[in-house]
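Just the heavy atoms: all of them, side chains too, but no hydrogens, waters or symmetry mates, feed the values below. We're numbering straight along the sequence, starting at 1.
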Amino acid sequence: MAALVVLAFHIGLIYGLEPIFPNGWLAVDFFFALSGYVLARTYEGRLRQSIGLWQFSKKRFFRFWPVVLFGGVIGAPWILASNGPIDAIAIVALNVLLIPYFKGEDIFPLNGPYWSLFYEFVANVAHAFLLSRLDTRKLVVLVIACAIGMLFMGHSYGGLSFGTAPDTFAADFVRVTFSYGLGVLLYRVWQDKPPVKILWPAAILLGSLALIGRGPFDGYMAQLSFVLAVVPLVIAGGLGWDTRLSGLGTLSFPLYAVHHPIVFYCAISGLHPAIAVGFSLAAAALYVALDKRFRFLKLE
């Protein structure tokens, strides 16, 4: 559901439509927190005992890289057609390795959403080298310090949507540390047993994102409240939500990672937004099928 929100948000931006979710980009902060929760749940014990830091970092990079390459192949034709040969080769070569490109308005012109994958990978590595070694009290202090930093930056930038451009590159390290650290903290406190039962986490996510950005819910305070209040509720609900739709979560990562250039191509071709949605879902499904068939040489 969160990936679909991001898709709808980008369709509104690229097609110039009235957005259904004006602050749909906040779904990315949900992804950061969810990553922190899942990685703490899966790896914190092993990071302290069996798995080496280099082995962990390599494992995480190759978790991202196949889908980055897949989306990069889709985005490369436009980059090659709209830039000089040297710049085009530099953009593709760097971005396909999840390395930012600072000569322009966007650090990942090959495929816009890659900015968040870059920061998530950095957070994963920081988790191995630092966060896993912090006790819970120190982690709380870090998350609070980042929340204060988010308030200052939200006031300065007029919102919390930053990190995609070179001039806000450093600011997003605070943003990802805040959301990711919150996810790690939630796992340490809950241990998969949240104190509340939420029946419809998707409804909470979608309802909140539909409201934020409109009327009294506009502004960086509402955006910060979403991360602090709504994200934990959605994670809590997801832990106890038994549904046959859970398999759709497999589409989430590839849908998020490959849809942007597809929507752009559809827009400049004059195709209806619904066709862009269909092509995006088809590309995500194709990636899932290829991954299931080949496991991409078992890189993960």
Side-chain angles (χ1 to χ4, degrees), residues 1-32 64-83 87-88 91-92 94-96 98 100-101 104-120 159-165 168 172 202 205-206 209-210 212-214 248-291:
M1 299 304 292
L4 287 172
V5 165
V6 176
L7 171 61
F9 176 72
H10 284 147
I11 284 177
L13 282 181
I14 294 171
Y15 276 86
L17 303 174
E18 183 69 24
I20 302 172
F21 303 103
N23 281 344
W25 50 267
L26 278 166
V28 175
D29 297 271
F30 165 71
F31 284 134
F32 286 154
F64 290 110
W65 188 70
V67 76
V68 169
L69 180 62
F70 187 82
V73 170
I74 297 173
W78 173 253
I79 296 298
L80 295 172
S82 58
N83 293 271
D87 285 335
I91 290 170
V92 173
L94 290 172
N95 283 181
V96 84
L98 272 187
Y101 177 80
E105 297 180 357
D106 193 333
I107 59 176
F108 283 95
L110 179 64
N111 191 336
Y114 285 0
W115 73 270
S116 66
L117 302 186
F118 163 76
Y119 285 105
E120 185 178 344
L160 302 182
S161 178
F162 45 76
T164 62
T168 60
D172 214 64
L205 177 71
L206 295 177
L209 286 172
I212 291 175
R214 293 187 168 93
L248 292 176
T250 308
L251 289 173
S252 174
F253 183 39
L255 178 61
Y256 175 80
V258 307
H259 75 273
H260 196 272
I262 294 173
V263 173
F264 178 75
Y265 289 144
C266 289
I268 63 175
S269 301
L271 299 177
H272 193 276
I275 297 177
V277 173
F279 281 154
S280 297
L281 289 170
L286 175 61
Y287 177 84
V288 170
L290 290 172
D291 186 32

(Q) If you define the side chain from C-beta out and look only at heavy atoms, does anything of Asp291 sit under 4.5 Å from Pro66? (A) no
Q) Less than 4.5 Å apart, any side-chain heavy atom of Leu94 and any of Pro100? A) no
**Q.** Val6 side chain reached by Phe21 side chain, heavy atoms, under 4.5 Å
**A.** no
Q | Test item: Glu120 and Phe64 side chains (from C-beta on) under 4.5 Å apart, heavy atoms | A | yes
Q: Over all heavy atoms of both residues, which pair between Gly75 and Pro261 is shortest? Give the atoms and the distance, please.
A: CA-CB, 3.9 Å
Q) Which atoms form the tightest heavy-atom contact between Ala3 and Ser252, and what is the distance? A) CB-O, 3.6 Å
Q. With side chains defined as the heavy atoms from C-beta onward, is the minimum distance between Leu117 and Phe108 less than 4.5 Å?
A. no
**Q.** Pro19 side chain near Leu13 side chain, heavy-atom distance below 4.5 Å
**A.** no
Q. With ring centroids as reference points, do Phe70 and Tyr287 lie under 6.0 angstrom apart?
A. yes
Q.
Going by the rule side chain to side chain contact (heavy atoms under 4.5 Å, CB included), which residues pair with Ala285 if we only count those two or more places apart in sequence or in a different chain?
A. Leu251
Q: Could you give me the CA-CA distance, side-chain angles and deciding distance for Asp106 and Tyr101, then say whether side chain to side chain donor-acceptor pair (under 3.5 Å) is met?
A: CA-CA 8 Å; Asp106 193 333; Tyr101 177 80; over 6 Å; no
Q: Check the surroundings of atom OH in Tyr265: do more than 12 heavy atoms from other residues, nucleotides or ligands lie under 6.0 Å from it?
A: yes
Q: Say whether, by atom type as modelled, one donor and one acceptor occur between the side chain of Asn111 and the main chain of Ala257 under 3.5 angstrom.
A: yes
(Q) Test of understanding: with side chain to side chain donor-acceptor pair (under 3.5 Å), list the residues that count as partners of Tyr119, not counting sequence neighbours. (A) none
Q: Check whether the ring centres of Phe31 and Tyr256 lie less than 6.0 Å apart, and answer yes or no.
A: yes
Q: Verify the neighbour count for atom CG of Leu286: are there more than 12 heavy atoms of other residues, nucleotides or ligands below 6.0 Å?
A: yes
**Q.** Heavy-atom closest pair, residues Ile262 and Ala283
**A.** CD1-CB, 3.4 Å
**Q.** Nearest-0.5 Å distance, OG of residue Ser161 to CG of residue Leu26
**A.** 8.0 Å
Q | ring pair (Phe, Tyr, Trp, His ring centres under 6.0 Å) partners of His260, counting only residues at least two apart | A | His10
Q: Of all the heavy-atom pairs spanning Asp87 and Asn83, show the shortest one and how long it is.
A: CB-CB, 4.3 Å
Q | Audit row: Leu209, Phe30, side chain to side chain contact (heavy atoms under 4.5 Å, CB included) steps and yes/no | A | CA-CA 11 Å; Leu209 286 172; Phe30 165 71; over 6 Å; no
Q: Could you tell me the separation between the CG atom of Asp172 and the CZ atom of Phe118, rounded to the nearest 0.5 Å?
A: 9.5 Å
**Q.** Heavy-atom pair with the smallest gap, counting every atom of Val92 and Ala76
**A.** CG2-CB, 4.3 Å
Q: Calculate, to the nearest 0.5 Å, the distance between atoms CH2 and OG belonging to Trp25 and Ser116 respectively.
A: 13.0 Å
Q: Taking ring pair (Phe, Tyr, Trp, His ring centres under 6.0 Å) as the test, write out the residues that go with Phe162, two or more places apart.
A: Tyr157
Q) To the nearest 0.5 Å, what is the distance between CG (Leu7) and CG (Leu281)? A) 7.0 Å
Q) What are the two closest non-hydrogen atoms of Ile107 and Ala165, and how far apart are they? A) CG2-C, 3.9 Å
Q | Any residue meeting ring pair (Phe, Tyr, Trp, His ring centres under 6.0 Å) with Phe32, in chain and number order, not counting sequence neighbours | A | none
Q.
A side-chain contact here means heavy atoms from C-beta on lying under 4.5 Å apart; do Leu255 and Ser280 qualify?
A. yes
Q. So do Phe9 and Pro22 actually touch side chain to side chain, heavy atoms under 4.5 Å?
A. no
Q) Among pairs that include at least one residue of residues 11-29, which meet salt bridge (charged side-chain N to carboxylate O under 4.0 Å, His left out), considering only residues two or more places apart or in two chains? A) Asp29-Arg175
Q: To the nearest 0.5 Å, tell me how far Ile91 CD1 sits from Leu80 CG.
A: 9.0 Å
Q) Say you draw a straight line from CG of Asn95 to OH of Tyr114; how long is it, rounded to the nearest 0.5 Å? A) 8.5 Å
